[in-house]
Structures are given as structure tokens and as C-alpha cells.
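What follows is a single structure, written as C-alpha cells, with notes after it.
Residue numbers begin at 1 in each chain, while the letters A, B, ... track the order of the sequences.
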Amino acid sequence: MTETNEQSTKSLNFIEALVEEDLREGRNGGRIQTRFPPEPNGYLHIGHAKAICMDFGIARNYGGICNLRFDDTNPVKEDVEYVDAIMEDIRWLGYQWENVYYTSDYFQQLWDLAISMIKRGLAYVDEQSAEEIAKQKGTPTTPGIESRFRNRPIEESLALFEKMNRGEILQGTMVLRAKIDMASSNMHFRDPLMYRIITDHPHHRTGYTWKVYPMYDFAHGQSDYFEGVTHSICTLEFEVHRPLYDWFIDQLQQDDYRPRQIEFNRLNITYTVMSKRKMLQLVQEGLVSGWDDPRMPTLCGLRRRGYSPAAIHNFIDKIGYTKYEGIIDLSLLEHSARETLNESATRVSAVLDPIKLIITNYPDQQEEMMDMVNNPEHEDAGSHEAPFAKELWIEQDDFMENAPKKYFRMTPGQEVRLKGAYIVLCTGCKKDETGKVTEVYATYDPDTRSGLPGSERKVKGTIHWVSAKHALLAEVRLYDRLFSVENPSEEKEKDFRELLNPESLKVLNNCRVEPWLADAKPFDNFQFQRIGYFSIDPDSTKDHLIFNRTVSLKDSWAKSNPL
RNA sequence: UGUCCCGUGGUGUAAUGGUAGCACAGCAGGUUUUGGUUCUGUUAGUCGGAGUUCAAAUCUUCGCGGGACAACCA
């Protein structure tokens, strides 16, 4: 194994440190194997991305392998729809698993193991109701009591377990339990359920073949063991399960090899919710447009919002892995997007809230093609052309009849630069009977065309524009935080649905974008100069362009000049 | 009145007994054909007490605070 080298500058997180320690001590013969084990019962979100980057990252960085395993032990909630979506999202993040496994592949092995445990007196069939079993569990501070079936003859349990799986026992009336310790201080040791009967739902892969299904605690560790997983990395809520994970593995261990469960903190982000239950509720109640609503923290939602895999990785790299349960500022996610997109997004002109600007001294029929730099961060990104003419659209915001001192935009008597074109002098405006400004007037200085020496003159402001004659009409969807409070899950008084931000989506239907955008494809990223980063929605067509705002540009003017 | 886990600026994260650093957010300024980017400066932190040590964010201990665990979910 490669020891310390150029990596010395970057400190390891505690999981990497543990892995390196295992490697140093030669555990499992120096082999590294991880797994990403989603249950196919929902869509992946940004929190899963954190886990995926860990699982696949450890394998990649330490010369190991990472498998994808669908933890499909509960047919009631699972579906192939989710299997496909999960695989798509992982690939999108840029990872490729070594193998795809399903816990359901191990149903026979798990069954055999359960039989062996019954034979060894380590498991028994309990005929009590769920309520009785729950009552006998005790509480964290009081011991439980033993089931009256706990010490039934081994042959009896064996026969009943067989009957359970032949469909001869009614669902909900019998379970298989491990015989451990009803007085344990760890609730999970109080004779945990190993199997329950499910006959009313087909399994998405095995159909009605099995009538009994293993529970998580029994199946997960065993599956890790069957596969040869060395590091079973999961989130903190499984910490109390770890002793049981180890206990079950003790029951079948045949050699020196041992998988090791390590837990890290789950990702929380301000102004959103990350629980599957709550996300499902938002989708089912139509409070968002679907799992891929750009306001959702799902990977498909973020993708539709305009986040690239690079932006997601950039974010995950910044947040770290610890055992402290905190909440990350949404601004860090936004920063990660801006930082990534600033490097890659092509700059274009788009006017979201248009007002007409007429260059009064520009020849009526004249048109010029202006050279527009694609990305000032990268010269080799080249440039594209945009048409300029007498009538332009500019932002309403960029004109003020009576402007404050530090307003560096269009106001009568002030010069401003039209980005990539000419310096113009604002001469006035036209208003309707209500006093609303309907047109802005300016004169241009022909010597100041961009590229000409005359353009070197300093002017305080630069604004963007599009040619009125050539611009394309577009719909622009402005997304903002989904919730109006930092931590909706912490709010005790109100239901989380009452905390939704009513302004999380604003649709603008009268936007004008430069004609060069006519051929843009879904998920392409652009910077609308001076406004923000936008990407093409998958519903967008040539005749009806739709842009989603990924994130706005930082705006120190708006910040210091609130309305 | 149990077991386990966790407490470092507003937020997240480093420092593995030896100078408390980084990022985001904030504030102030320089540069700029994006009020973007970039650059510079700056505000702000080891939960508390006791102990060990030449030296403690780090080790011990007692508190305090937060979280997880009592689904036929994963």
C-alpha cells in the first residue's frame, strides 16, 4: 500500500484515518471493500451524495472496490422505478460500482443461517401479537420480559418457521426472534425480530416466492459478510445497532475476516428537509411539482435546478465527515455552485424584466454583430456574436429617472456602457398617463464601440442588453429556498408544510434572451450576466424556451440598497 | 432517571500533548467592459470546574448541554 506522500497537506477525516489504521495493521489482508446500500423506496438526495462520495471515495483512494447493493427486504415499500433512478443518479455523480447486488439475492443464504440459529437454540418463533411483543420490550430504563414462546422446543420453532414460509401462517401472527437478552441496556438486544411474514405484497424481484422476509438488523451485517465488505459505512442513527451487527456476524463467522461498521453524521442543510417521509409528502400533496422539482434536495431536483456533478462534489468536499450532528448553511451549497459555474458557464445576455431603450442617433435600419466573450475566466472559451440595433431591451431596474448618488446605471445625463457594444448617454424617457416609464432614450458615441480605442474611456456603469428585433422570448423560473425558516424540522409548533416559503418559485413569462441561445440543450448552464446562473429546463423547446435559475450572482448593490 | 454518541468563531471543519488554522457568512477597501470574479484587510471560537503535565481543544474526572435507541421500516 502507498504510505504517506504528497497527501500530507490535506488532513484525513476520521473514517479515512480508521481505514489507514486497518491497512497499517494488516486487517483483512489489506483488502478494502465498501458498499452503498440504498433501499429502493425513494429518490436519492444530497445527503445520499455525501454517503456515495464516502463509500466510492474510500474504495477509489485505497485501491479497493465499492459495490451497489439494494437493500430490498421490505417488498411493501420498494419498486423497480426507484432502482433505475438510483442507478442513474450514482452514474451521474461519476461513480461506477464494481457489482450490483440485491439483499434479495441472499434470501436463501439468510434462510439457511436462520435455520442454523434455530437449531443452535439462538432463535425461536414467537406467536405473540406485535402489541404484546412491544409491551414486553420494556423501556430504555426498565428491562423487558421474556416471551412465553422463548423456550419452546427447537423442533417446534423449526416446523413453524417452515410453515411460515409456506404461506400457511397468517401475516402478522408469527415472527422469528433472536434469543439474546430481554434485560439488555441496548434495546436492540431484547430478542430482536429476524423475520416477519409478508404475503400481501409481491417482492419486486422475487415475486411471491418468499413468504417471510428478513429484518434489517439480521440482513444487513450478513449481506456485508457474504460480499466481503471490510468497511460498512453508514450514518449515525445506526450507531446503537452496531453491537447487534457484530453479534449476528459472530453467529456465522468462519474465519478471521470481519466487516466493520463505521458511522458518520448525516447531512442537514438549512431551509430544506431531507427526510424521505417529508419529501414524499411534498410530492404527493402537490406542494412541489415532483421528485425532480428544482427546489427539492433530491439529486434529480438539483440536476434540474442546474447543479452539475462537479458542483455537488465541490460541496461535499467542503462539508467534511464527523460525528457531530450539525446543520450546514445553504449559502455553502450556493457558494459551491457559484464557484463551479463561474469556471464553466458561458456568459450570455438576458433581460428578465424588459423595458425598451432607443438609441436615438443610431441609424434606423443598421445592425451590427458584437463579439461577446464566453467566459472572462478562460480566454480559450472563445466568444460568440450578438446583434445590436437601434431598439434594445434593458432591465427596468437599470433605469431610474431620479437616481441616488451611487447609482451607476441609466439615468438622464449619465453615461453608461452597454456591455460589449457602445458607451451611451441617457437623454430621457417617455411615460404613460400613469407616470410609468415606457421607453428610455439615449445617444451613442460611435467611437466607443468595444475593441476600438475610444472604448477605453472609463465609465462608471456597465449594463446588459439584447436587441429588441432579434431577442427570443423566454420563460424564466426563479427558484428560492423551499422553506422560510432555517430548520423546518426543529419547529415544534407548526407542521412543516406551513413553513414553506411562498416565494420559492416565481415564473417570469416575458423575458428576452439573446438569439444565440436558440439551440441550447436541456441542462446546459449559462450565466445571465449581472443576474445569475441559469440552466435549460428539460421541458424547454425551441418555441418555448424555459430557464431555471440555479443560483443568483452575489449582489452587493442590492444588499446595501434594500428596497 | 439506563446504554451509547457528540460539544472548537454565526455555520461547517482542521489542529492526534507543543504557534487555535481553513472555508462559508459578515464588515471595510483596491482592481474590474458583469455592483460578478479576483485581491487586501477585518470582526468573531476551544461548554464549565477540578486534576495530570514544563506544556491540555487534545489525557483523567465531575458537571452542564445536545442527540440516538423502546417500527412485524431501513
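- When rounded to the nearest whole Å, the span between NE2 of A/H241 and C1' of B/C5 equals 13 Å.
- Atom P of B/G63 sits at a distance of 29 Å from the matching atom of B/G45, rounded to the whole Å.
- Comparing B/G18 with B/A74, their P atoms are spaced 45 Å from each other, to the whole Å.
- Using C1' as the reference atom, B/U46 and B/U16 are 15 Å apart when rounded to the nearest Å.
- Going from atom CD of A/Q222 over to atom P of B/A74 covers 14 Å, rounded to whole Å.
- Counting only heavy atoms from C-beta outward, the side chains of A/H204 and A/Y102 approach each other to under 4.5 Å.
- Judged by distance alone, the side chain of A/E514 and the main-chain N or O of A/A471 form no donor-acceptor pair under 3.5 Å.
- Taking the C1' atom of each, B/U61 and B/A28 are spaced 47 Å apart, rounded to whole Å.
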When Watson-Crick pairs (N1 to N3 and N6-O4 or O6-N4) and G-U wobble pairs (N1-O2 and O6-N3) count only below 3.5 Å on both distances, what is the dot-bracket string of RNA chain B, with | for other-strand pairs?
.((((((..((((....[..)))).(((((.......)))))....(((((..]....))))))))))).....
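- The closest side-chain donor-acceptor pair between A/E239 and A/Q261, if any, does not fall under 3.5 angstrom.
- The interatomic distance linking A/I145 (CD1) with B/A70 (P) rounds to 19 Å, in whole Å.
- In this structure, OH in A/Y101 is found 13.0 Å from CZ in A/F226, a value given to the nearest 0.5 Å.
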Distances for protein N/O vs nucleotides 9-12 of chain B N/O pairs under 3.5 angstrom?
from	atom 1	to	atom 2	distance (Å)
B/G10	N2	A/D329	OD2	3.3
B/U11	O3'	A/I327	O	3.2
B/U11	O2'	A/I327	O	2.9
B/G12	OP1	A/I327	N	3.2
B/G12	O2'	A/I319	O	3.0

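- For the pair A/E39 CD and B/C73 P, the computed distance is 10 Å after rounding to whole Å.
- Counting any heavy atom pair closer than 4.0 Å across all strands shown, A/F238 reaches a base atom.
- Taking atom C1' on both nucleotides, B/C24 is separated from B/A57 by 22 Å, rounded to a whole Å.
- Remark: the separation of the C1' atoms in B/G26 and B/A44 is 10 Å, to the nearest Å.
- Dashed line: the shortest gap from a side-chain N or O of A/R196 to OP1 or OP2 of B/A74 is under 4.0 Å.
- Under the ring pair (Phe, Tyr, Trp, His ring centres under 6.0 Å) test applied with A/Y195, the options A/Y213, A/F161, A/W210, A/Y124 reduce to a single match, A/F161.
- No contact: A/E132 has no heavy atom under 4.0 Å from any strand.
- For A/D555 (side chain) and A/A558 (main-chain N/O), a donor-acceptor pair under 3.5 Å exists by modelled atom type.
- Taking only side-chain atoms of A/A134, from C-beta outward, the nucleotide of B/C73, B/A71, B/G2 with the closest atom is B/A71.
- Checked against A/R530 for a side-chain hydrogen bond (donor to acceptor under 3.5 Å, both in side chains), the options A/T462, A/D398, A/D397 give a single hit: A/D398.
- Between A/K276 and B/C73, a side-chain N or O to OP1/OP2 separation shorter than 4.0 Å is absent.
- The base of B/A68 does not come close enough to the side chain of A/H188 for any donor and acceptor atom to sit less than 3.5 Å apart.
- Taking 4.5 Å as the limit, some side-chain heavy atom of A/H384 sits within range of a side-chain heavy atom of A/N374.
- To the nearest angstrom, C1' of B/U3 lies 16 Å from CG of A/D246.
- The ring of A/Y216 has its center closer than 6.0 angstrom to the ring center of A/F238.
- Nucleotides B/G51 and B/C69, compared at atom P, are 39 Å apart to the nearest Å.
- Using bins of under 30°, 30° to 60° and over 60° for the plane-to-plane angle, the ring pair A/F264/A/Y321 lands in the perpendicular bin.
- Rounded to whole Å, the distance from CG on A/D126 to C1' on B/A71 is 16 Å.
- As rounded to whole Å, 13 Å separates atom P of B/C72 from atom NZ of A/K77.
- Comparing A/P140 and A/K323 by the nucleotide of RNA chain B that holds the closest heavy atom to each, the one mapping nearer the 5' end is A/P140.
- Among the nucleotides B/U3, B/A74, B/C72, the one closest to any side-chain atom of A/N74 is B/A74.
- For A/T73 and B/A74, the shortest distance from a side-chain N or O to OP1 or OP2 is below 4.0 Å.
- Taking the six-membered ring where the residue is Trp, A/H241 and A/H188 present tilted rings, their angle falling between 30° and 60°.
- Put simply, CG on A/D200 is 16 Å from P on B/C72, counting in whole angstrom units.
- Between the side chains of A/Y533 and A/E334, no donor-acceptor pair of N or O atoms lies under 3.5 Å.
- No side-chain donor from either of A/E377 and A/N375 sits under 3.5 Å from a side-chain acceptor of the other.
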What is the per-nucleotide protein-contact pattern of nucleotides 33-43 of chain B, from the 5' end, where B denotes a base atom under 4.0 Å from a protein heavy atom, S denotes such proximity for sugar-phosphate atoms only, and - denotes neither?
BBBBS------
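- Taking atom C1' in both B/U33 and B/U42, one finds a spacing of 30 Å when rounded to whole Å.
- Centroid-to-centroid, the aromatic rings of A/H464 and A/F528 stay 6.0 Å apart or farther.
- Nearest to the side-chain atoms of A/T141 among the listed nucleotides B/G26, B/A74, B/G2 stands B/G2.
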